[in-house]
Amino acid sequence: MQNFQAGDLFIAYREENSGKHNQNPSTMTITKDAGIFTPLLPELNTNNQDEDSGGGASVPGAVFNVSTSTIGAGIMSIPATLKVLGVIPAIILIVVIAILSEVSAEFLIRFTKSSDNLKKTTYAGVMGESFGRVGSIMLQICIMITNLGCLIIYLIIIGDVLCGSGSNESVHSGMLQEWFGLQWWNTRSFAILFTVIFVMLPLVLLKRVESLRFTSAVSVLLAVVFVAISTVLAISALWHGKTMTPRMLPVLENKESFFELFTAVPIIVSAFTFHFNVHPIAAELRKTSEMVTAVRISLVLCAAVYAAVGFFGYLLFGDSTMPDILSNFDHNFGSNVGTFLNDTVRLSYALHLMLVFPLPNFSLRVNVDEFLFPEWPLLSSHNIRFVPLTCILLIFVYIAAIAIPNIWFFFQFLGSTTSLCVAFIFPGAIVLRDVQGVATRRDKILAVLMIAIAVIASTIAIYSNIASLLRT
């Protein structure tokens, strides 16, 4: 069977329906937002009914890509949410957010499938169909802010692991200085620059999501290694009586401590935000139902990883658990084995982030291109734009990562604003708008619930963060 590029498929569709060959380029423009007609996509199988044709990506590959899109910097904040909420409420919240994330992703897939317009088979396309150009632009801005923030956070954490971090209160050493001493080549700016050029750049220049399935699998494996080592260290500390009994429920001492509980919601929502990559990953599969299956498997895996990291990380460090638990792993555990495990945890997580980096970068690049050049040809077929745009974004992220000293207020801001919009508010709004008439009563109830949770949690979290800043 002959495969066609996405652009060929769309042009054939236009010619078939118009009954003539229109060579005017302005009539062949394609929406290039974060979806099917974008870079990093494989050749599409035009016969979706042929299950045995061998075309398209596999469900395991989609599971790895969704899991990699999900498990990023947020995993490091999960133990701190258990310290704030207590073990039982935090685990329940992780499960609830995972379920709502699956529901919102299923909404996006179903409403995209119901659209008869090829230009609407994307997240921004569905938003545009429901709310016009304004809705599409709002989504693109939220995705750009969310993904740009994530990429900056990734490079900052990689720099912290390799070169250390410091403030007026504490100094955390980096692995390169611990191993080789302070050298010109292991300074923060040079180490991150080396990583960007020789690790990130080759990966972000790939034009197909399917090409990243092996790095995604390794990335998920590294996250599992982190969970396993944290579990071993926690059980060892528990065996030797070096742990404190973790709090099962939150401690509410005053109004501020009550409002602080709501700051955990945006962090966990950010940890489950993968919706910007639903459409490009789904475009590789033979059937839409396979994407639903991949999302469900991935969310079960991610929820299990988050729950394990949160519980054993909190059990290991107790009330000294930091917002970035990686900072807790830079002290000596009292043995050579402990030091080795320490270094393995930090290095495996840094490598994990390096392999996660290309997926949010893909969605960021596509949305920036669509925002700036809505009428231009397909980005993947236009190297004059593709390569310079990729390099400019990478340079900007690098400069921001060097200039910004602290990530966690930034991370909470993303979680309480743009991530909530991308994950819950926009999918819920699409269902309530229901321009295609396919939403059921149950769908609309769940949509109202998602939006209500997102708005309430976002408002209180922003208030709590601002109050905390004013007190300091």
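Sequence positions, counted from 1, serve as the residue numbers for this chain.
Between Ile451 and Ala429, the closest heavy-atom pair is CD1-N, 3.7 Å. A pairwise comparison of heavy atoms in Ala294 and Ala62 identifies CB-CB, 3.8 Å as the closest pair. When every heavy atom of Val356 is checked against every heavy atom of Ser219, the shortest pair comes out as CG2-OG, 3.3 Å. Nearest approach of Arg247 to Lys83, heavy atoms of both residues: NH2-O, 2.5 Å. Taking every heavy atom of both residues into account, Gly310 and Ile78 meet most closely at CA-CG2, 3.8 Å. For the pair Phe386 and Leu206, the tightest heavy-atom approach, listed with the atom from each and the gap, is CZ-O, 4.2 Å.
Considering only heavy atoms from C-beta on, Tyr398 stays 4.5 Å or farther from Met200 through its side chain.
One finds the OG atom of Ser236 at 9.0 Å from the CG atom of Leu316 (value rounded to the nearest 0.5 Å). Asp160 contributes atom CG, which lies 11.5 Å from atom CD1 of Ile153 (distance to the nearest 0.5 angstrom). Remark: Ile97 CD1 to Thr273 OG1 distance equals 9.5 Å, nearest 0.5 Å.
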Stepwise side chain to side chain contact (heavy atoms under 4.5 Å, CB included) test for Ile430 and Leu108: CA-CA 8 Å; Ile430 289 171; Leu108 292 178; 4.0 Å; yes
Side chain to side chain contact (heavy atoms under 4.5 Å, CB included) between Leu394 and Ile197, intermediate numbers included: CA-CA 9 Å; Leu394 208 54; Ile197 293 175; over 6 Å; no
Residues Ile75, Ile71; criterion side chain to side chain contact (heavy atoms under 4.5 Å, CB included); working and verdict: CA-CA 6 Å; Ile75 190 175; Ile71 301 176; 4.1 Å; yes
Worked check of side chain to side chain contact (heavy atoms under 4.5 Å, CB included) between Phe194 and Trp185: CA-CA 9 Å; Phe194 182 89; Trp185 50 266; over 6 Å; no
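Looking only at distances, a side-chain donor or acceptor of Asn147 sits under 3.5 Å from a matching main-chain atom of Pro360. A distance-only check finds a donor-acceptor pair linking the side chain of Ser104 to the backbone of Ala423 [under 3.5 Å]. Without hydrogens or angle criteria, His279 side chain to Tyr123 main chain gives a donor-acceptor distance under 3.5 Å. Distance alone, capped at 3.5 Å, is enough to place a donor-acceptor pair between the Ser298 side chain and the Ser67 backbone. In this structure, the side chain of Arg365 engages the main chain of Val204 through a donor-acceptor pair within 3.5 Å. When atom types are taken as modelled, the side chain of Tyr349 and the backbone of Ile158 share no donor-acceptor pair closer than 3.5 angstrom.
For the 3.5 Å distance criterion, the side chains of Asn65 and Ser216 qualify, holding a donor opposite an acceptor.
Checked against ring pair (Phe, Tyr, Trp, His ring centres under 6.0 Å), Tyr306 has the following partners two or more places apart in sequence or in another chain: Phe272. Trp239 meets the side-chain contact (heavy atoms from CB on, under 4.5 Å) test with no other residue; sequence neighbours excluded. For Ile392, there are no side-chain contact (heavy atoms from CB on, under 4.5 Å) partners at least two apart in sequence or on another chain.
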